[in-house]
Number of protein chains: 2
Amino acid sequence: MKQLKHVLLERLMHYYHFVVERQDAADGATVTSTQIAKLVHMDATLVRKDLAAIGVRGYPHVGFRSHEVVQAIRDALGFDEPHRAAIIGAGRLGQAIASYHGFTPYGVDIVALFDIAPQKTGLIVGRHEILPLASLARVVAEQNVSIVILTVPASAAQEVADRAVAAGVRAIWNFATTGLVVPDGVFVHHERISVGLAELSYHLKQDAS
Amino acid sequence: MKQLKHVLLERLMHYYHFVVERQDAADGATVTSTQIAKLVHMDATLVRKDLAAIGVRGYPHVGFRSHEVVQAIRDALGFDEPHRAAIIGAGRLGQAIASYHGFTPYGVDIVALFDIAPQKTGLIVGRHEILPLASLARVVAEQNVSIVILTVPASAAQEVADRAVAAGVRAIWNFATTGLVVPDGVFVHHERISVGLAELSYHLKQDAS
DNA sequence: TAGATTGTTAATCGATTAACAATC
DNA sequence: TAGATTGTTAATCGATTAACAATC
């Protein structure tokens with residue numbers, strides 16, 4: 001399958017949530033492209049194109065089988081191939097994420113939480129004990145960690161990312177407010193929280209005028 | 001000015017961070033469209049088009065004055081028109097946001113933190129005391145709150161959003177994992193954290209194959 | 001069956017890129 | 001000045017939408 005675009009991934013996730021939510025228990029439950037389109041405020045043709053792109057076939061006069069849509073999206077996005085993740089930075093955000101149980105349905109399992117501050121070592125957060133950053137390489141190797149969730153201050157982000165990459169991590173979820181430079185083959189998803197703020201600010205401004 | 005598109009806002013924020021970071025103290029500091037483009041991995045023409053769209057003029061042979069770029073983006077996005085925000089839901093995520101000081105440069109000031117649980121009332125989080133949800137309408141009115149940051153469980157999100165809208169809030173930053181229905185004129189930005197997860201998962205899958 | 005819905009081709013639309021004159 | 005850079009027009013590219021035959 002050819003590389004899926006960022007915007008397509010975004011739309012697929014949107015469809016996914018909608019279909020999962022309304023999926024009746026019955027295996028035969030169906031959903032039409034029009035129903036999906038209405039919720040997502042798009043054209044039904046685009047929904048059909050997107051679903052065709054990941055190999056879901058619909059049934060004329062009926063629509064799409066909900067469980068087929070759900071499974072095709074899970075396959076396309078790799079949710080059924082489990083990955084282990086470690087959080088680096090046990091500040092409030094790191095702790096919030098460590099305590100959050102919502103990643104499991106997407107195949108991501110948080111197995112460790114690190115912080116550089118010695119006084120935090122050993123503290124328990126949710127199901128995790130805070131580990132010293134010095135043990136990062138060992139834990140990544142032992143537990144086969146492929147994702148690092150970076151919740152450290154911007155000033156430390158690049159250095160910590162370098163260590164994670166050296167340890168063999170292949171993807172970084174970057175919550176720090178700074179860009180990262182990483183070698184080819186390592187994927188970075190930069191969570192730009194300020195973009196959300198910008199949207200709010202902009203729309204309030206529009207309202208006013 | 002015509003309505004700016006979501007993707008343009010996103011690109012503008014990207015430029016903004018880059019220019020702010022490299023902005024030398026000198027007021028005369030300049031930056032070329034090529035320099036911005038290289039960082040953002042785009043075509044320089046698009047950068048020029050985007051900047052032209054918000055009214056920044058460059059100087060041939062020189063580039064763009066950094067402070068003009070920064071100010072034009074701030075103006076376009078409304079960062080210099082301050083807004084007051086309240087957080088609803090003093091769980092870990094709500095507390096993490098309440099303790100975060102990074103919103104001020106974008107004109108957003110967090111003035112209150114609410115939770116429905118009586119046993120949380122009165123606790124101090126950062127600079128904020130947790131208030132009972134019953135006082136929402138009063139505080140929104142008194143403090144002129146225009147933004148609500150929603151960090152409650154999905155099951156409570158719609159009901160809380162309704163109360164916020166009734167109280168006169170005009171924008172909602174939704175961190176709950178469920179869609180919201182709101183009247184026209186109220187803007188919702190849904191922070192879909194799982195999209196980030198999906199991207200990571202998808203790219204790890206690509207790597208593997 | 002008739003009507004509803006898909007899948008696909010063609011048409012449209014908009015966004016990005018290329019080309020290049022204008023400028024300093 | 002010569003070379004670098006912008007701003008803008010035209011060309012390209014890709015994504016979305018419209019149209020409609022095929023299907024159940």
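In the text below, chain A, chain B and the rest are named by the order of the sequence lines, each starting its count at 1.
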Original post:
Counting just side-chain N and O atoms, does B:R48 come under 4.0 Å of either OP1 or OP2 of D:dG7?
Top reply: no

Original post:
Between C:dT6 and A:R57, is there an OP1 or OP2 to side-chain N/O distance shorter than 4.0 Å?
Top reply: no

Original post:
Got a sec, which residues hit side chain to side chain contact (heavy atoms under 4.5 Å, CB included) with B:A117, two or more places apart in sequence or on another chain?
Top reply: B:D115, B:Q119, B:K120

Original post:
So which one's nearest nucleotide on DNA chain C is more toward 5', A:A44 or A:H61?
Top reply: A:H61

**OP:** Only one of B:V181, B:V160, B:I172, B:L180 passes side chain to side chain contact (heavy atoms under 4.5 Å, CB included) with B:V165; say which it is.
**Re:** B:I172

**OP:** Any pair with a residue in residues 166-183 of chain B that passes side chain to side chain donor-acceptor pair (under 3.5 Å), sequence neighbours left out, goes on the list, sorted by first then second residue, please.
**Re:** B:W173-B:E191

Original post:
Applying ring pair (Phe, Tyr, Trp, His ring centres under 6.0 Å), which residue pairs with at least one partner in residues 73-92 of chain B are found, sequence neighbours left out?
Top reply: B:Y16-B:F79, B:F79-B:Y106

**OP:** Return yes if a side-chain donor-acceptor contact under 3.5 Å exists between B:Q95 and B:Y100, otherwise no.
**Re:** no

Original post:
What's the closest nucleotide to the A:T45 side chain, out of D:dT5, C:dT5, D:dA18?
Top reply: D:dA18

Subject >> Between B:R65 and B:T30, a side-chain donor and acceptor under 3.5 Å >> reply: no

**OP:** Using whole Å, report how far OH of B:Y59 lies from C1' of D:dG3.
**Re:** 21 Å

Original post:
Of A:I87, A:T151, A:I149, which meets side chain to side chain contact (heavy atoms under 4.5 Å, CB included) against A:L93?
Top reply: A:T151

Original post:
Any sub-3.5 Å donor-acceptor pair from A:S99's side-chain atoms to A:G126's backbone N or O?
Top reply: no

Subject >> Separation of atom CG in A:D50 from atom P in C:dT8, rounded to whole Å >> reply: 14 Å

Show each protein N/O and nucleotides 12-15 of chain C N/O combination with a separation under 3.5 Å, one pair to a line.
from: C:dA15; atom 1: OP1; to: B:K5; atom 2: NZ; distance (Å): 2.7

Original post:
Does atom CD1 of A:I116 have more than 12 heavy-atom neighbours, drawn from other residues, nucleotides or ligands, at distances under 6.0 Å?
Top reply: no

Original post:
Can you tell me if A:H6 and A:E10 form a side-chain donor-acceptor pair at under 3.5 Å?
Top reply: yes

**OP:** Answer yes or no: is there a side-chain heavy-atom contact under 4.5 Å between A:L46 and A:R11?
**Re:** yes

Original post:
Looking at the side chain of B:F64, which of D:dT6, C:dA4, D:dT23 is the nearest nucleotide?
Top reply: D:dT6

**OP:** Compute the angle between the rotation axes at the two ends of the helix from C:dG3-D:dC24 to C:dC24-D:dG3, each taken over five pairs, rounded to 10 degrees.
**Re:** 10°

**OP:** Scan residues 33-42 of chain A against DNA chain C and write down, sorted by residue number, each residue with any heavy atom closer than 4.0 Å; if none is found, say none.
**Re:** A:S33

Original post:
Which listed nucleotide (D:dG3, D:dT5, C:dT6) is nearest to the side chain of A:T32?
Top reply: C:dT6

**OP:** Starting from P on C:dA10, measure out to CG on A:D43 and report it in whole angstrom.
**Re:** 19 Å

Subject >> Nearest-nucleotide pick for A:K49, side chain only, options being C:dG3, D:dT16, D:dT6 >> reply: D:dT16

